[in-house]
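Since the structure comes first, as structure tokens, the remarks are kept for the end.
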Amino acid sequence: MSIEQLSEWLKVSQNTVVLTGAGMSTESGIPDFRSASGWWQNIDPRTVATVEALERNYPLFHEFYKMRIENLEKVAPHEGHEILAEWERQGLISLVATQNVDGFHQLAGSQNVEELHGSIRTIRCHRCGKRAEMAAFLQKQSCSCSGKLRPNVVLFGENLPQASWKKVIDSIEEADLVVVIGTSLEVYPVNQLPSMTNGKTVYINLDTAKQVIQFDLIIKGKVKEVLEQVII
Ligand code: OAD
């Protein structure tokens with residue numbers, strides 16, 4: 001019933017924005033952060049995902065991101081990512097805004113993607129900002145300025161990429177449908193986005209119990225299964 005409602009809204013919406021989180025990629029084999037099997041159950045994010053961690057405990061920071069980067073070789077986007085790309089080609093969605101750093105939306109064919117937490121697939125120097133090769137990061141080399149190399153992700157304590165953030169806010173404000181997929185919405189400021197639209201809001205997630213934001217429609221389920229059932 002509720003999936004039919006989503007289908008109807010998608011068909012009539014002139015401007016649909018999709019917002020995704022780590023739950024979008026768990027069915028590809030990438031753990032999320034806050035589920036029972038998520039990263040933050042075993043690792044304190046302050047020790048690996050902050051500017052302080054990078055600057056004061058580089059070996060652990062490096063190990064964590066190296067592991068995540070190397071894991072990407074073994075996994076691939078799933079049908080859910082492909083369905084979103086197909087919807088974009090059909091003109092059903094105008095933008096995918098994602099907190100994910102895996103690049104799977106683009107790999108699956110989505111063109112209009114804003115990576116609000118950056119990307120784990122490119123590397124820069126933390127000190128001078130110069131771009132560096134992935135191999136140099138994996139081998140724990142330093143920049144020519146002797147700065148530490150790091151992935152282009154947003155760490156806790158850093159600002160979101162401002163151009164992307166502004167574009168997403170503008171799109172959400174204009175949207176008449178916002179579909180939020182696979183995120184706990186615990187992390188600021190992305191968790192503010194669903195409240196910024198005047199359009200309809202839909203939440204697709206496995207765990208819907210903790211949600212404090214009001215949605216017009218909540219679909220409890222696995223991303224891939226839910227998206228595969230949407231008939232356009
Ligand atoms: P979380 O791990 O906080 O939330 C993922 C949500 O997806 C949970 O509510 C799960 O129940 C749900 N989920 C998992 N697998 C699913 C599936 N197959 N189908 C449907 N739902 C599923 O991840 P995010 O909300 O993305 O940031 O986390 C936000 C940010 O916190 C991340 O970008 C990362 C993290 O710390 C930084 O590191 C800066």
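Since the model is a prediction, treat every value here as computed from it, not as a measurement. Indexing begins at 1, ligand by ligand and atom by atom, following the structure's order.
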Query - Protein contact of atom 32 (C) of ligand 1 - nearest heavy atom, named by residue and atom, plus distance - result: F33 CE1, 3.5 Å
Query raised in the report: Is any NZ, NE, NH1 or NH2 atom of the basic residue among E158 and R150 found under 4.0 Å from an Asp or Glu carboxylate oxygen of the other?
Result: yes
Requested in this report: Using distance alone, determine whether N205 and ligand 1 share an N or O pair under 3.5 Å.
Outcome: yes
Query - Atoms in ligand 1 with a heavy atom of S35 nearer than 4.0 Å - result: 10 (C), 11 (O)
Query raised in the report: Which atoms from ligand 1 have a heavy atom of G21 less than 4.0 Å away?
Result: 26 (O)
**Report entry** Option of least heavy-atom distance to atom 17 (C) of ligand 1 (set: G23, P45, A22)
**Finding:** G23
Query raised in the report: Is the shortest side-chain N to carboxylate O distance from E228 to K224 below 4.0 Å?
Result: no
Query - Atoms in ligand 1 flagged as close to V154, the criterion being non-hydrogen separation under 4.0 Å - result: 39 (C)
Report task. Look at atom 14 (C) of ligand 1 and say which protein heavy atom is nearest, naming residue and atom and giving the distance to 0.1 Å. Result -> D32 OD2, 3.3 Å
Query raised in the report: When only distance counts, is V223 in polar contact with ligand 1, meaning an N/O pair under 3.5 Å?
Result: yes
Requested in this report: Enumerate the atoms of ligand 1 whose separation from the nearest heavy atom of G182 is less than 4.0 angstrom.
Outcome: 5 (C), 6 (C), 7 (O)
Report task. Say whether T26, considering both its backbone and side-chain N or O atoms, lies within less than 3.5 Å of an N or O atom on ligand 1. Result -> yes
Requested in this report: Do me a favour and list the nearest non-hydrogen protein atom to atom 27 (O) of ligand 1 with residue, atom name and distance?
Outcome: H117 ND1, 3.5 Å
Report summary line: The protein heavy atom nearest to atom 25 (O) of ligand 1 is T183 OG1, 2.6 Å
Query raised in the report: Between S184 and ligand 1, is there a nitrogen or oxygen pair with a distance under 3.5 Å?
Result: yes
Query raised in the report: When you check the gap from the basic side-chain N to the acidic O, do K222 and E27 get nearer than 4.0 Å?
Result: no
Report task. Return the orientation label for the F215 and Y203 ring planes: parallel under 30°, perpendicular over 60°, tilted otherwise. Result -> parallel
Query - Salt bridge R89-E86, side-chain N to carboxylate O under 4.0 Å - result: yes
Query - Distance-only N or O hit between ligand 1 and V187, under 3.5 Å - result: no
Query raised in the report: Heavy atom of W40 under 4.0 Å from ligand 1?
Result: yes
Query raised in the report: So between E186, R34, E27, whose heavy atom ends up nearest atom 28 (O) of ligand 1?
Result: R34
Query - Atom indices of ligand 1, in the order listed, that fall short of 4.0 Å to a heavy atom of G221 - result: 19 (N), 20 (C)
Requested in this report: Measure D207 to ligand 1 on non-hydrogen atoms and call it side chain, backbone, both or neither using the 4.0 Å cut-off.
Outcome: both
Query raised in the report: Relative to each other, are the rings of W40 and F156 parallel, tilted or perpendicular (30° and 60° limits)?
Result: tilted
